[in-house]
Chemist: 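One structure follows; several queries about it will come next.
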Amino acid sequence: DPDRPEGPVRCRSAQESARHAAAAAARRRSRAALDELDSTQRQVLLLKYGEDMTLAEAAAVLDITVDAAKMRHLRAVQRLRTLLADLEHD
């Protein structure tokens with residue numbers, strides 16, 4: 001049957017579907033919040049958490065001081081908290 005997907009068909013329980021939908025919504029909110037950050041703040045977060053770098057390593061990549069990286073990280077985390085709280089209430 002050409003309309004039938006290849007491979008095994010996986011049935012999800014209602015609970016599993018709800019968890020999957022909640023996780024997808026959380027990813028969308030997180031992405032939207034990251035998109036709202038200043039690009040320099042976003043870069044520090046992506047290097048630290050996405051690339052698993054220390055702030056010193058991120059600072060070297062961005063050619064900024066470690067103190068500047070720490071401040072950008074702090075401000076980014078504070079801003080993300082605010083944005084995510086706002087998005088959750090929308």
Side-chain angles (χ1 to χ4, degrees):
D1 180 7
D3 293 328
R4 185 173 180 184
E6 292 184 24
V9 176
R10 183 165 183 242
C11 296
R12 288 191 175 139
S13 68
Q15 186 177 21
E16 186 178 356
S17 292
R19 274 195 309 268
H20 180 74
R27 282 190 300 276
R28 284 191 300 275
R29 283 193 307 272
S30 296
R31 186 69 229 175
L34 280 171
D35 288 345
E36 292 293 319
L37 292 178
D38 177 87
S39 65
T40 58
Q41 292 174 348
R42 186 173 42 253
Q43 288 171 334
V44 169
L45 288 181
L46 293 176
L47 290 172
K48 178 163 176 52
Y49 299 106
E51 300 297 326
D52 200 28
M53 290 184 180
T54 65
L55 287 175
E57 291 168 333
V61 168
L62 297 172
D63 196 29
I64 59 176
T65 66
V66 175
D67 285 340
K70 288 178 182 179
M71 185 55 68
R72 289 177 189 184
H73 177 264
L74 175 65
R75 289 181 179 155
V77 169
Q78 290 171 335
R79 179 80 173 124
L80 271 180
R81 285 184 182 138
T82 300
L83 289 168
L84 289 171
D86 291 347
L87 287 172
E88 197 154 306
H89 292 113
D90 286 347

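We use all heavy atoms of the structure for the numbers below, so side chains are in, but hydrogens, waters and symmetry mates are not. Just so you know, these numbers come straight off a predicted model, no measurement behind them.
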Chemist: Could you go step by step and tell me if Leu80 and Leu34 meet the side chain to side chain contact (heavy atoms under 4.5 Å, CB included) rule?
Modeler: CA-CA 7 Å; Leu80 271 180; Leu34 280 171; 4.3 Å; yes

Chemist: With a 6.0 Å cut-off (strictly less than), is the heavy-atom count around CZ of Arg75, excluding the residue itself, greater than 12?
Modeler: no

Chemist: Give me the atom names and distance for the closest heavy-atom approach of Arg79 to Leu37.
Modeler: CG-CD2, 3.4 Å

Chemist: Measure from the side-chain N and O atoms of Glu51 to the backbone N and O of Lys48, and report whether any donor-acceptor pair falls under 3.5 Å.
Modeler: no

Chemist: Side-chain contact, heavy-atom cut-off 4.5 Å: Val77 with Leu45?
Modeler: yes

Chemist: Under 4.5 Å between side-chain heavy atoms, hopping through other hydrophobics if needed: is there a path connecting Val66 to Leu62?
Modeler: no

Chemist: Can you establish whether the number of heavy atoms outside Asp63 located under 6.0 Å from its atom CG is more than 12?
Modeler: no

Chemist: Can you name the nearest heavy-atom pair linking Gln41 to Ala76, along with the distance?
Modeler: CB-CB, 3.6 Å

Chemist: Distance from Ser13 atom OG to Arg19 atom CZ, nearest 0.5 Å?
Modeler: 6.0 Å

Chemist: Show the numbers, then the answer: is there a side chain to side chain contact (heavy atoms under 4.5 Å, CB included) between Leu47 and Glu57?
Modeler: CA-CA 8 Å; Leu47 290 172; Glu57 291 168 333; over 6 Å; no

Chemist: Do NZ/NE/NH1/NH2 and the carboxylate oxygens of Arg31 and Asp35 come within less than 4.0 Å?
Modeler: yes

Chemist: So how far is it from Gln78 CD to His73 NE2, rounded to the nearest 0.5 Å?
Modeler: 10.5 Å

Chemist: If every non-hydrogen atom of Thr65 is compared with every non-hydrogen atom of Ala59, which pair is closest and at what distance?
Modeler: O-CB, 3.6 Å

Chemist: How far apart are the C-alpha atoms of Lys70 and Val44, what are their side-chain angles, what is the distance that settles it, and do they pass the side chain to side chain contact (heavy atoms under 4.5 Å, CB included) test?
Modeler: CA-CA 9 Å; Lys70 288 178 182 179; Val44 169; over 6 Å; no

